[in-house]
Amino acid sequence: GGGGGEGVLVNQDHPMWALFMGFEHERIHLETSSVLFRETPIGLVQRPAGWPGLYPDKDDDEAAEESTTRRHPTEGADYPPNEMVAVEGGDVSLGKPLDFPSYGWDNEYGTRTVSVPPFRASKHMITNGEYHEFVRAGGYRNEEYWCADGWAWRSHRNMKWPFFWTPAGPQGSHEYGLRTIFEEVDMRWDWPVDVTYYESKAYCRWKTEMDGSPTSKPYRVLTEAEHQLIRPQQHNLDAARADASADKVMTTSGARFPSGSTGANLNMAYSSHNPVDAFPPSHTGHHDAVGNAWEWTEDHFNPLKNFEVHHVYDDFSTPCFDGKHSMIVGGSFMSTGDEASVFARFHFRPHFLQHSGFRLVASEEDAPAMHLFAGEFEGQAGKRDHEAAIDEEAAVDSMESNDNVYESDDLLSMYLGLHFPSSGSKENVDPVMDHDNSPLHGLRFPQRVAELLCSLNPVRTNNRALDVGCAVGGSSFELAKSFDHVEAFDFSENFVAAARRIQSGEQLTFKVPVEGDITEEVNVIQEPGVDSAVLEKVNFFHGDACVLSEYVDSKENFGTFDGVILANLLCRLPDPVACLNAMPKLVNKGGVVVMVTPFTWLEEFTPRSKWLGGFNDPVSQKPMYSKDRLKEIMEGLGFEKIHEEEMPLVIREHRRKYQYIVSEATGWRKK
């Protein structure tokens, strides 16, 4: 600066990052508000002074002449031909570098490489003129072109043509004008049609039926990775990573954006769309790969590998990783700042308008798109099944593999040994090899957790208990000795299945590791006092601790509880606070929650931004301990700390190696 002092590096760890976050959030509000103004009756809005002008695509004489062709626009005269242009496939590496010198939203960071097969994409986005054919052909009256959700939306809104088209003739004449943000103008047939995802896909189906696809698969819209291949190569992801100025919005004002061989209608160069052939094509031969209108894609909004929320705004992206939000790419004439960046990753619900259009795509291979959930319109509006809820980490993992560390047979055997330490007595296999100072006090950990809850004398309102993260059920069965009913769930289907088999009376066996590949097979043996009457008190189900509050509201017969235990669970959750926030709903007055945790935070399970502690404050560098944060959270939720102790446990790896863990056990009574 002018004072000669050193500059300050503002990165995601710096408090000033929040200021830039605020700037960019206002940019989003500017664009979304412009759509709301465009939807508002024309008599209620007024063009502000200094507002950019419409794109000057025709002079007054030509505009007047165009009005005579409103009814039957023709290709070549009113809008350009739109041939399908072949694109070679290739690998696309998504993700913004952490050290890139501009603000980025959390979903932009991370990595993923997508192998894109060859495809064909229309030279232009679909124009009002092309879409007019679909409208005149009765596309909005024919349910077969629409998915179930799309048809329900069309019927509810009684849509007969795109929202921003304004009727300009007798009913049935198909004469239309066009609404911009602050004006009503004669129809611009060569501008991109502004539609929802539902309308885009209906057109694709109609076009496939009318003309046939140039490939063996029907027409569809673009994907995020395909979009990156048709962007101008001078300003693509690789170029921007090599030189920050190649991300054009870093150095180019709105007034200058339309200029040059890579000119585009972006960064508020104008306040409207433009003719689809107004700017030069990219190196692949595609116009408006950047700017003019956002393009709908086949991708769900999704996290990249190593995605991590920012603690200042931890719900910017994650609520929308739900299979109900479709990605939009390229930016519109209203997109500024980060929205106009090559690294931008934004999204909208499929029935929303956002200065958004689409491009036809066809390929021989399946679309290289990311779908988080199956749904009612080819994966785009999937509804979450809460009985099989998938958390943030699982959503990331599902892109790379279907592995779940808690579903392996080896881990099941390990947990059966932990939960049922008497197992092996018939086969003369000790849970811990006999030796001096043997840590036998670390056995029966699940039972000791349950016993601790009972010893803290929760007020018995309905005499029901909840075991969150029950694993294979040892603690659940112990609770059932003292409570009339126990609800118990775990995220591992393998664990829950084993618990149910034990409950049914089936004699399970498991392998106890001895040395190398040598194991001993032993029978599961219950603790004393666990008989059939106790077993039948437990209801096991597969569930997710991060959506626990939803079970209270929607899960049949779930109810509330006098006692709750969470045994070595908290630091294995992708969002531990979401679980804790459910406690006031779950626990009856005077009830007790027992939490036992070693606070072993690993990014494999919990994004760093969700850790309760175990890090230094980024500003003061003061150590932040999970124990203190847990106390702050629980007291804020209306619980009083009534107990604390150190609780050891032993987990066998093989005859001569054991995990020895000292967890903190705390008891919390609801006031």
Side-chain angles (χ1 to χ4, degrees), residues 403-451 467 469-481 488 490-532 534-535 538 540 542 565 567-569 572 596 598 600 602 604-605 647-663:
D403 294 338
N404 182 330
V405 296
Y406 288 106
E407 302 295 1
S408 71
D409 290 339
D410 288 345
L411 201 64
L412 176 60
S413 291
M414 178 183 286
Y415 270 74
L416 287 169
L418 172 66
H419 278 246
F420 305 103
S422 297
S423 304
S425 57
K426 294 180 180 178
E427 297 84 4
N428 295 317
V429 178
D430 294 328
V432 177
M433 187 176 72
D434 185 33
H435 65 283
D436 291 342
N437 302 314
S438 177
L440 298 178
H441 60 279
L443 299 178
R444 298 187 68 254
F445 172 73
Q447 289 75 18
R448 285 185 285 122
V449 174
E451 290 165 352
D467 189 352
C470 64
V472 293
S475 49
S476 311
F477 296 135
E478 191 68 28
L479 288 172
K481 293 180 183 179
D490 199 275
F491 194 66
S492 167
E493 294 181 359
N494 213 14
F495 286 176
V496 171
R500 286 173 173 165
R501 291 170 64 191
I502 294 169
Q503 183 183 36
S504 71
E506 183 178 342
Q507 181 59 68
L508 260 64
T509 62
F510 65 95
K511 294 179 179 179
V512 177
V514 177
E515 179 183 330
D517 295 333
I518 302 171
T519 60
E520 291 275 2
E521 189 167 38
V522 302
N523 289 285
V524 169
I525 297 180
Q526 284 280 10
E527 290 290 293
V530 179
D531 55 23
S532 59
V534 169
L535 292 172
V538 186
F540 290 106
H542 173 240
I565 62 172
N568 282 12
L569 173 74
R572 286 298 175 267
V596 185
T600 305
L602 296 171
E604 175 186 358
F605 300 102
M647 185 174 287
L649 69 144
V650 171
I651 300 177
R652 178 180 181 134
E653 293 191 14
H654 59 73
R655 182 169 56 184
R656 296 183 179 277
K657 184 182 179 185
Y658 304 82
Q659 297 178 30
Y660 186 82
I661 302 165
V662 182
S663 293

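No experiment lies behind these values; they were computed from the predicted model shown.
- Side-chain contact between F445 and V596 is present, with at least one heavy-atom pair separated by less than 4.5 Å.
- L535 and Q526 get closest at one heavy-atom pair: CD2-NE2, 3.7 Å.
- Judged by distance alone, the side chain of Q507 and the main-chain N or O of V524 form a donor-acceptor pair under 3.5 Å.
- Counting only distance, with no hydrogens or angles, the side chain of H654 and the backbone of G516 share no donor-acceptor pair below 3.5 Å.
- Between P528 and K481, the shortest heavy-atom contact is O-NZ, 2.7 Å.
- Within the 4.5 Å cutoff, the side chain of R444 has no heavy atoms near those of the S422 side chain.
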*Kindly determine whether R572 and L602 satisfy side chain to side chain contact (heavy atoms under 4.5 Å, CB included), including the steps that lead there.*
CA-CA 8 Å; R572 286 298 175 267; L602 296 171; 3.7 Å; yes

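- At least one side-chain heavy atom of I502 sits less than 4.5 Å from a side-chain heavy atom of L416.
- For H441, the side chain to side chain donor-acceptor pair (under 3.5 Å) test picks out Y660, with sequence neighbours left out.
- Using a 4.5 Å heavy-atom threshold, the side chains of K426 and I525 count as touching.
- Taking every heavy atom of both residues into account, V472 and Y415 meet most closely at CG2-O, 3.6 Å.
- In this structure, the side chains of D409 and N494 come closer than 4.5 Å at one or more pairs of heavy atoms.
- Looking only at side-chain heavy atoms (C-beta outward), Q503 and V538 come within less than 4.5 Å of each other.
- In the model, D467 has a side-chain atom that pairs as donor or acceptor with a side-chain atom of S475 under 3.5 Å.
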*Might you work through the side chain to side chain contact (heavy atoms under 4.5 Å, CB included) test for V512 and T519, ending with a clear yes or no?*
CA-CA 5 Å; V512 177; T519 60; over 6 Å; no

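- Under the rule for a ring-ring contact (aromatic ring centres under 6.0 Å, His included), F420 has no partner lying at least two apart in sequence or in another chain.
- Remark: E506 CD is packed, more than 12 non-hydrogen atoms of other residues, nucleotides or ligands lying under 6.0 Å away.
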*Stepwise side chain to side chain contact (heavy atoms under 4.5 Å, CB included) check, V432 with L440*: CA-CA 7 Å; V432 177; L440 298 178; 4.1 Å; yes

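- Listed for the Q659 side chain is no donor-acceptor partner under 3.5 Å among the backbone atoms of I651.
- Side chain of D430 to backbone of M433: no donor-acceptor contact under 3.5 angstrom is found.
- No side-chain heavy atom of V662 sits less than 4.5 Å from a side-chain heavy atom of M647.
- Taken to the nearest 0.5 Å, the NE2 atom of H435 stands 4.5 Å off from the OG atom of S438.
- Across C470 and D490, no two heavy atoms sit closer than the pair N-OD2, 3.5 Å.
- Between F540 and F477, the distance separating the two ring centers is shorter than 6.0 angstrom.
- Between H419 and G474 the shortest heavy-atom distance is ND1-N, 2.9 Å.
- Nearest heavy-atom pair across V534 and G529 is CG2-O, 3.6 Å.
- Ion pairing between E478 and R448 fails under the 4.0 Å rule for side-chain N and carboxylate O.
- In terms of modelled atom types and a separation under 3.5 Å, the side chain of R652 and the main chain of P513 share a donor-acceptor contact.
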*When you look at K511 and E520, which way does the salt bridge (charged side-chain N to carboxylate O under 4.0 Å, His left out) test go after all the steps?*
CA-CA 5 Å; K511 294 179 179 179; E520 291 275 2; over 6 Å; no

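- Between N568 and P598 there is a side-chain heavy-atom pair separated by less than 4.5 Å.
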